[in-house]
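Per chain, numbering begins at 1; letters A, B, ... match sequence-line order. Below, each value reflects all heavy atoms present in this structure, side chains not excepted, and no hydrogens, waters or symmetry copies.
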Amino acid sequence: MEELNELLQQRRKKLEDLKTSGIDPYPNKFTVTASSADIRKQYGHLTPGSEDKTCSLVVAGRIMTMRLMGKACFAHIKDAAGRIQIYVKKDVIGEQEYEVFKTLDMGDIIGVKGSVFCTRTGEITLHVDQVTLLSKALRPLPEKWHGLTDIETRYRQRYVDLIANDEVAGIFRLRSKVIKTMREYLDSRNFLEVETPMMQSIPGGAAAKPFCTHHNALDIDLFLRIAPELYLKRLIVGGLERVYEVNRNFRNEGISTRHNPEFTMIELYQAYADYNQVLELCREMITLVVKECLGKLETEYNGNIIQFDGDWKRLTLIGAIKEYAEVDFSVPKTLEETKKIASDLQVEFDPNTSHNKIISCIFEQCVEKKLIQPTFICDYPVELSPLAKNSKSNPEMVERFELFIGGQELANAYSELNDPIEQRKRMEQQLKEREKGDEEAQLMDEDFIRALEYGMPPTGGLGIGIDRLVIILTNSPSIRDVILFPQMRPENV
RNA sequence: GGGCCGGUAGCUCAGCUGGUAGAGCACUGCCCUUUUAAGGCAGGUGUCGCGAGUUCGAAUCUCGCCCGGCUCACCA
């Protein structure tokens with residue numbers, strides 16, 4: 001327990017005084033009949049100076065400001081819907097009640113009953129005839145004018161951030177609406193929402209380092225999932241045909257403005273579809289989300305106006321490199337030539353790596369950040385996509401696309417590999433990569449192969465990074481601004 | 001993990017060519033019945049992130065550590 005400073009001691013003293021005078025500072029329940037927004041909306045017609053004495057409404061919220069003027073007081077209280085001004089007069093609520101009211105602090109949560117009037121300056125205000133303390137606050141609120149700006153405190157004590165900075169709740173309401181809209185879209189198209197294991201004995205479905213944990217009763221190591229992909233595809237084998245999961249993924253990697261160790265994706269799989277149909281679904285769903293959440297099809301992100309209407313640009317991986325890095329890989333190159341090109345472009349790469357991986361490095365370092373408007377990049381080398389199906393026209397390539405917006409990868413999709421023998425070969429190849437030192441190469445999952453052996457229909461799959469989509473829609477500088485409790489080093493409280 | 005920047009009152013910040021800590025808001029007391037960053041008068045704020053060192057003297061200079069931000073690397 002920390003030593004209490006003067007401000008905290010004062011609040012505790014007030015708490016004791018309230019108890020002594022028979023007032024319960026933490027009552028069990030309170031019946032509210034209106035929200036701040038209800039009142040502002042319902043009585044918005046009142047003209048300055050006029051009052052509707054016939055109504056009697058009950059609102060509850062946190063005291064955010066107080067302007068005490070002797071025998072009367074204006075204050076603002078904040079509820080989930082916003083803020084509303086209240087006006088408390090001694091001769092209306094009674095002398096004793098007013099004495100108690102005067103001792104209340106900013107941050108206390110109160111319930112108030114009264115009628116509605118409009119002040120001289122035109123603000124809809126509740127004319128209070130009864131005040132009930134609902135929760136005594138023992139800590140002072142951040143300053144009313146600057147609010148809470150310290151980034152560390154905002155992330156560590158999100159509750160204070162939400163109290164002090166009104167716009168923060170809006171980001172998380174929007175985030176919720178993004179997911180809700182996606183659910184509605186998919187549900188209406190006969191997708192089934194499912195839940196698959198968070199703890200997996202073989203972490204698969206992505207190239208990433210997992211978190212490890214241990215199950216005591218089974219005495220086995222388990223891994224927090226890096227992706228639900230292999231489980232969702234087992235469900236396609238099982239005949240569910242259209243499934244999706246709003247999924248938390250865990251990756252034991254660096255933390256940055258674009259990376260949190262746990263992050264949210266939506267993954268969906270549609271039987272009898274290929275990546276072209278999934279591309280159309282992806283575009284349609286994101287367009288709907290943007291429209292529902294922003295009310296328009298454009299938004300400013302990081303200094304650029306991003307347009308979501310119309311057709312989205314579609315390039316091949318090689319085509320995009322040609323357009324943005326001005327290197328043409330459509331004519332075959334030797335490994336040495338490729339390395340030379342990468343070096344000339346000042347692209348960093350592992351000197352022992354392959355042709356395709358260097359191409360991928362060139363794309364990531366020279367092209368990705370230039371893809372501001374929604375752009376689909378299609379057709380990736382097999383080597384980089386161990387779970388995707390080969391292109392019929394070019395077996396070296398797979399039917400895969402990634403979506404880029406605002407210079408970031410937002411979605412990844414492919415025609416799912418459903419040939420169990422080919423899948424086994426690919427996983428064996430991944431194991432070799434792993435032996436060569438690639439910690440992120442995928443593992444053999446015998447049960448997944450067995451599932452494919454029962455027969456998986458041709459299937460298109462898609463994953464969309466929810467956090468990144470919300471970053472773009474809210475023009476947030478960091479992923480931590482769109483995750484309520486981003487990962488931080490523990491503090492000593 | 002590397003580089004750069006930061007941590008001073010509850011909050012937002014100033015003080016940093018070394019001389020023993022300040023403002024606004026918040027808080028306490030008094031006045032004030034349509035204010036809205038309400039106003040007026042009076043008052044107390046503190047391990048200056050932590051620990052060493054240099055010095056007569058350190059918030060200030062040096063070193064180490066902790067926490068955070070940005071950025072690079074890894075990645076979605």
Base partner of [N], which must satisfy Watson-Crick or wobble distances under 3.5 Å:
N     : result
B/C61 : B/G53
B/C4  : B/G69
B/G43 : B/C27
B/U35 : none
B/C48 : none

Query raised in the report: Would you say the side chain of A/V470 lies within less than 4.5 Å of the side chain of A/L473, judging by non-hydrogen atoms?
Result: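 The answer is no, as the side chains (C-beta and beyond) never meet within the 4.5 Å cut-off.
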Query - Note, A/I110 side chain near A/L104 side chain (heavy atom, < 4.5 Å) - result: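 Contact flag for A/I110/A/L104 side chains = yes.
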For nucleotides [N] and [M], find the distance between their [atom1] atoms and express it as a whole number of Å.
N     : M     : atom1 : result
B/A38 : B/A26 : C1'   : 15 Å
B/U60 : B/U17 : P     : 12 Å
B/U8  : B/C61 : P     : 16 Å
B/G49 : B/C66 : C1'   : 7 Å
B/U20 : B/C48 : P     : 16 Å
B/A14 : B/G24 : C1'   : 11 Å
B/C50 : B/G7  : P     : 13 Å
B/G39 : B/U35 : C1'   : 10 Å

Students often get this wrong, so: under 4.0 angstrom with heavy atoms, is [X] touching a base, only sugar-phosphate, or nothing?
X      : result
A/G465 : nothing
A/L148 : sugar-phosphate
A/N412 : nothing
A/N260 : base
A/L68  : base
A/G147 : sugar-phosphate

What's the [atom1]-[atom2] distance between [X] and [N], to the nearest Å?
X      : N     : atom1 : atom2 : answer
A/M106 : B/A37 : CE    : P     : 14 Å
A/R83  : B/U35 : CZ    : C1'   : 16 Å
A/E6   : B/G44 : CD    : P     : 11 Å
A/F404 : B/A76 : CZ    : P     : 10 Å
A/K90  : B/U35 : NZ    : P     : 20 Å
A/K209 : B/G1  : NZ    : C1'   : 11 Å
A/M66  : B/A38 : CE    : P     : 12 Å
A/E143 : B/U45 : CD    : P     : 20 Å

Kindly point out which of [options] is positioned nearest to the side chain of [X]?
X      : options             : answer
A/S478 : B/C70, B/C27, B/G68 : B/C70
A/T149 : B/C13, B/G68, B/U35 : B/C13
A/F117 : B/A76, B/C11, B/U34 : B/U34
A/D105 : B/U12, B/C74, B/U28 : B/U28
A/P140 : B/U12, B/G10, B/U34 : B/G10
A/M69  : B/G68, B/U33, B/U71 : B/U33
A/T257 : B/C32, B/U28, B/U71 : B/U71
A/E409 : B/U35, B/U33, B/A76 : B/A76

Kindly say if [X] contacts the phosphate of [N], meaning a side-chain N or O under 4.0 Å from OP1 or OP2.
X      : N     : result
A/T119 : B/U35 : no
A/R67  : B/A38 : yes
A/K144 : B/A26 : yes
A/K14  : B/U28 : yes
A/S256 : B/C72 : no
A/R120 : B/A38 : no
A/R489 : B/C66 : no

Requested in this report: Please check if any side-chain donor atom of A/T459 sits under 3.5 Å from a side-chain acceptor atom of A/Q270, or the reverse.
Outcome: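 No donor-acceptor contact under 3.5 Å links the two side chains.
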**Report entry** A/R175 NZ/CZ over A/F172 ring centroid, <6.0 Å and within 45° of normal
**Finding:**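 A/R175 over A/F172 ring: no.
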Query raised in the report: Distance under 6.0 Å and angle within 45° of the ring axis: does A/R400 meet both against A/Y380?
Result: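 Yes; both conditions hold, so A/R400 lies above the ring face of A/Y380.
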Report task. Hey, which sits more toward the 5' end of RNA chain B by its nearest nucleotide, A/T153 or A/A207? Result ->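 Nearer the 5' end of the strand: A/T153.
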Query raised in the report: Starting at the 5' end of RNA chain B, which residue's closest nucleotide do you reach first, A/M265 or A/C118?
Result: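 Residue closer to the 5' terminus by nearest nucleotide: A/C118.
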Requested in this report: Kindly indicate whether the side chain of A/N5 and the base of B/U45 share any N or O donor-acceptor pair separated by less than 3.5 Å?
Outcome: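 Side chain to base: no pair below 3.5 Å.
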**Report entry** Donor/acceptor link under 3.5 angstrom from A/Q85 side chain onto base of B/U35
**Finding:**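 For A/Q85, whose side chain was compared with the base of B/U35, there is a donor-acceptor pair (under 3.5 Å).
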**Report entry** Any residue meeting ring-ring contact (aromatic ring centres under 6.0 Å, His included) with A/F404, in chain and number order, not counting sequence neighbours
**Finding:**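 By the ring-ring contact (aromatic ring centres under 6.0 Å, His included) rule, A/F404 matches A/F363.
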Query - Spacing of CG belonging to A/N5 relative to CD belonging to A/Q10, to within rounding of 0.5 Å - result: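 A/N5 CG to A/Q10 CD: 8.5 Å, rounded to 0.5 Å.
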Query raised in the report: Are the side chain of A/R426 and the backbone N or O of A/S385 linked by a donor-acceptor pair below 3.5 Å?
Result: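 Here the side-chain-to-backbone pair exists.
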Report task. Check for a donor-acceptor pair, side chain of A/K369 on one end and backbone N or O of A/Q365 on the other, with a separation under 3.5 Å. Result ->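 Flag set: sc A/K369 to bb A/Q365 pair under 3.5 Å.
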Requested in this report: For A/F263 and B/A76, say yes or no: do the ring centres fall under 5.5 Å of each other while the ring planes differ by less than 30°?
Outcome: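 The base of B/A76 is stacked with A/F263 (centres under 5.5 Å, planes under 30°).
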Query raised in the report: Checking ring pair (Phe, Tyr, Trp, His ring centres under 6.0 Å) for the pair A/Y87/A/F117: CA distance, chi angles, key distance, verdict?
Result: CA-CA 9 Å; A/Y87 184 46; A/F117 76 109; 5.8 Å; yes
